[in-house]
J.: 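One structure is given below, represented as structure tokens, and several questions about it will come after.
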Number of protein chains: 2
Amino acid sequence: MSHVPRISESEWEIMKIIWSSHPITAEQIAAKLPSDIEWSEQTVRTFITRLLKKKAIGFNKEGRSYHYYPLVSEKECVRAESQSFLQRVFGGATNLMMTNFLEDAALSEKEIEELQRILKEKKGHTQDKSSGDQG
Amino acid sequence: MSHVPRISESEWEIMKIIWSSHPITAEQIAAKLPSDIEWSEQTVRTFITRLLKKKAIGFNKEGRSYHYYPLVSEKECVRAESQSFLQRVFGGATNLMMTNFLEDAALSEKEIEELQRILKEKKGHTQDKSSGDQG
DNA sequence: GGTTTAAAATTACAAATGTAGATTTAGTTT
DNA sequence: AAACTAAATCTACATTTGTAATTTTAAACC
């Protein structure tokens, strides 16, 4: 709950690493960045500082360095970002977005089957689309 | 083709209107904005100017006003934005994104059926991930 | 052709973002 | 305890974005 802060593109890279493994130091974060990203050590630390300021992460002091951990869950950030994207690009129409992605997507048999399974399950439940927000 | 310019959140609102109906004047764009958006006329014109500078739109002078039209297609912008989102939030894993959306989505029977139909078709074709772009 | 006036162009300004260098601080080491 | 040094903090600066007011320009009208 509480509303998730706005996380920029660069900050997302940091967050993904922190979610995937924490507590974690700035140095370790820098080391885990994908190789196509070439930020100086300082740049990484700047993004970390901004995420602290946004209360997206916290830290525990451990010796001379900080060990960072998430304060917002990946789930809620993914959800917020997804909603924002869905709204901005597809005016909120989930199925429109889905069909668009499917048009382009190169999915394996197995992946298609998984989606089919989920859809089947959803259909069974005959979902009611009223309340969207929970908290 | 050619690469699509980066379109900000506010600019997307303008672009959606221009795509949906063009040529169109600044005034008409302002009038078509969703009611929950409350921008001054000047703000709308600023966004239009920025889109011009980015070569996302062009115009024809018609009397005292400009009639704007898109220079980039909705399709390619949606695609670019989708790829960016997919990459940023799901590390590029389409099926992960799909399952995530499906978990949350409130879809009607009909919408589910449409997705099922598309998936079935895709499966039949046992699609290979060719089709052009993407690095 | 001069006046009116709406539209465009210019200017403004704060916040966010990308990118990092310089400085301070406080563990660690001797 | 002083020195060393890695990590944190502070400062910097250009670009993008959100949000508009002010000024200029040129079409329309009388």
Side-chain angles (χ1 to χ4, degrees), chain A residues 3-18 23-34 36-69 77 80-81 84-85 87-89, chain B residues 3-18 23-34 36-69 77 80-81 84-85 87-89:
Chain A
H3 71 82
V4 299
R6 195 165 248 279
I7 292 171
S8 82
E9 212 166 310
S10 302
E11 289 162 359
W12 261 94
E13 293 297 332
I14 308 286
M15 287 306 291
K16 282 195 285 191
I17 291 169
I18 296 178
I24 187 172
T25 66
E27 205 186 359
Q28 290 171 330
I29 291 171
K32 273 177 173 268
L33 281 170
D36 57 312
I37 292 181
E38 280 160 355
W39 293 335
S40 81
E41 193 82 11
Q42 276 322 303
T43 297
V44 174
R45 287 170 201 273
T46 297
F47 292 144
I48 291 173
T49 300
R50 288 184 183 163
L51 286 168
L52 279 172
K53 208 160 289 170
K54 289 179 181 185
K55 313 267 188 189
I57 61 177
F59 67 87
N60 289 121
K61 199 165 181 170
E62 206 72 47
R64 68 196 140 178
S65 58
Y66 289 178
H67 286 205
Y68 302 96
Y69 58 85
C77 287
E81 195 64 24
S84 156
F85 163 73
Q87 201 55 49
R88 173 173 64 252
V89 178
Chain B
H3 69 83
V4 297
R6 195 164 248 279
I7 293 170
S8 82
E9 212 166 311
S10 301
E11 289 162 359
W12 262 93
E13 293 298 331
I14 307 287
M15 286 307 291
K16 282 195 284 193
I17 291 169
I18 295 179
I24 188 171
T25 66
E27 204 185 2
Q28 290 169 330
I29 290 171
K32 274 179 172 263
L33 282 170
D36 58 311
I37 291 180
E38 280 160 355
W39 293 336
S40 80
E41 192 82 15
Q42 277 321 306
T43 297
V44 174
R45 287 171 201 272
T46 297
F47 292 144
I48 290 173
T49 300
R50 289 183 182 164
L51 286 167
L52 279 172
K53 208 161 291 174
K54 291 180 181 185
K55 314 269 187 187
I57 61 178
F59 67 87
N60 288 121
K61 198 164 182 169
E62 205 72 46
R64 70 198 139 174
S65 58
Y66 289 179
H67 285 205
Y68 301 96
Y69 57 86
C77 286
E81 194 66 23
S84 156
F85 163 72
Q87 201 55 50
R88 173 173 63 253
V89 178

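In what follows, every chain begins at residue 1, and chains take the letters A, B, ... in the order their sequences are listed.
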J.: Between atom CD1 in A:Ile24 and atom C1' in D:dA7, what is the gap in whole Å?
T.: 16 Å
J.: Can you work out whether B:Gln42 or B:Ser8 has the more 5'-proximal nearest nucleotide on DNA chain D?
T.: B:Ser8
J.: By nearest nucleotide on DNA chain C, pick out whichever of A:Glu38 and A:Gly63 is the more 5' one.
T.: A:Glu38
J.: Figure out the CD1/P separation between A:Ile37 and C:dT17, and round it to whole Å.
T.: 16 Å
J.: Establish, with yes or no, whether the OP1 or OP2 oxygen of D:dA7 is under 4.0 angstrom from a side-chain nitrogen or oxygen of A:Tyr68.
T.: no
J.: Without decimals, in angstroms, what is the distance between A:Asn60 CG and D:dA7 P?
T.: 17 Å
J.: Within the 4.0 Å heavy-atom criterion, would you say B:Glu41 contacts the bases, only the backbone, or no part of the nucleic acid?
T.: nothing
J.: Under a 3.5 Å distance rule, please check whether A:Ser84 uses its side chain to pair with a backbone N or O of A:Ala80 as donor and acceptor.
T.: no
J.: Could you give the CD-to-C1' distance, from A:Glu13 to C:dT19, as a whole number of Å?
T.: 15 Å
J.: Salt bridge check, A:Glu81 against A:Lys16: does any charged N sit closer than 4.0 Å to a carboxylate O?
T.: no
J.: Check whether the side chain of A:Glu62 and the base of D:dA7 form a donor-acceptor pair under 3.5 Å.
T.: no
J.: Please give, in whole Å, the distance from D:dT16 P to B:Ile7 CD1?
T.: 14 Å
J.: Let me know the distance between CD of A:Gln28 and C1' of D:dA6, rounded to the nearest Å.
T.: 14 Å
J.: With a 4.0 Å cut-off on heavy atoms, is A:Lys61 in touch with a base, just the backbone sugar-phosphate, or nothing at all?
T.: sugar-phosphate
J.: With a 4.0 Å heavy-atom cut-off, tell me which residues in residues 43-52 of chain A come close to DNA chain C, sorted by residue number.
T.: A:Thr43, A:Thr46, A:Phe47, A:Arg50
J.: Given side chains that start at C-beta, do those of B:Cys77 and B:Ile7 come closer than 4.5 Å, heavy atoms only?
T.: yes
J.: Side chains of B:Lys32 and B:Ile24, heavy atoms from C-beta outward: is any pair under 4.5 Å?
T.: yes
J.: Does D:dG18 have its OP1 or OP2 closer than 4.0 Å to a side-chain nitrogen or oxygen of B:Ser10?
T.: yes
J.: Answer whether the closest heavy-atom distance between the side chains of B:Met15 and B:Ile57 falls below 4.5 Å.
T.: yes
J.: Please pick, from C:dA6, C:dA9, D:dA7, the nucleotide with the shortest atom-to-atom distance to any side-chain atom of B:Arg64.
T.: C:dA6
J.: For A:Ser40 and for A:Glu11, find the nucleotide of DNA chain C with the closest heavy atom, then tell me which residue's nucleotide is more 5'.
T.: A:Glu11
J.: If you check the B:Arg6 side chain, which of D:dT17, C:dA7, C:dA8 turns out closest?
T.: D:dT17
J.: Could you go through A:Thr43 and A:Ser40, starting from their C-alpha distance and side-chain angles, then the distance that decides it, and tell me whether this counts as side chain to side chain donor-acceptor pair (under 3.5 Å)?
T.: CA-CA 5 Å; A:Thr43 297; A:Ser40 81; 3.2 Å; yes
J.: Quickly work out the B:Trp39 CH2 to D:dA20 P distance and round it to whole Å.
T.: 10 Å
J.: Has A:Lys54 got a side-chain N or O lying under 4.0 Å from the OP1 or OP2 atom of C:dT17?
T.: yes
J.: For the residue pair B:Trp39 and B:Phe47, does the interplanar ring angle fall in the parallel (under 30°), tilted (30 to 60°) or perpendicular (over 60°) class?
T.: perpendicular
J.: Please give, in whole Å, the distance from D:dG18 C1' to B:Glu9 CD?
T.: 11 Å
J.: Is the ring pair A:Phe85/B:Phe85 parallel, tilted or perpendicular, if the boundaries are 30 and 60 degrees?
T.: parallel
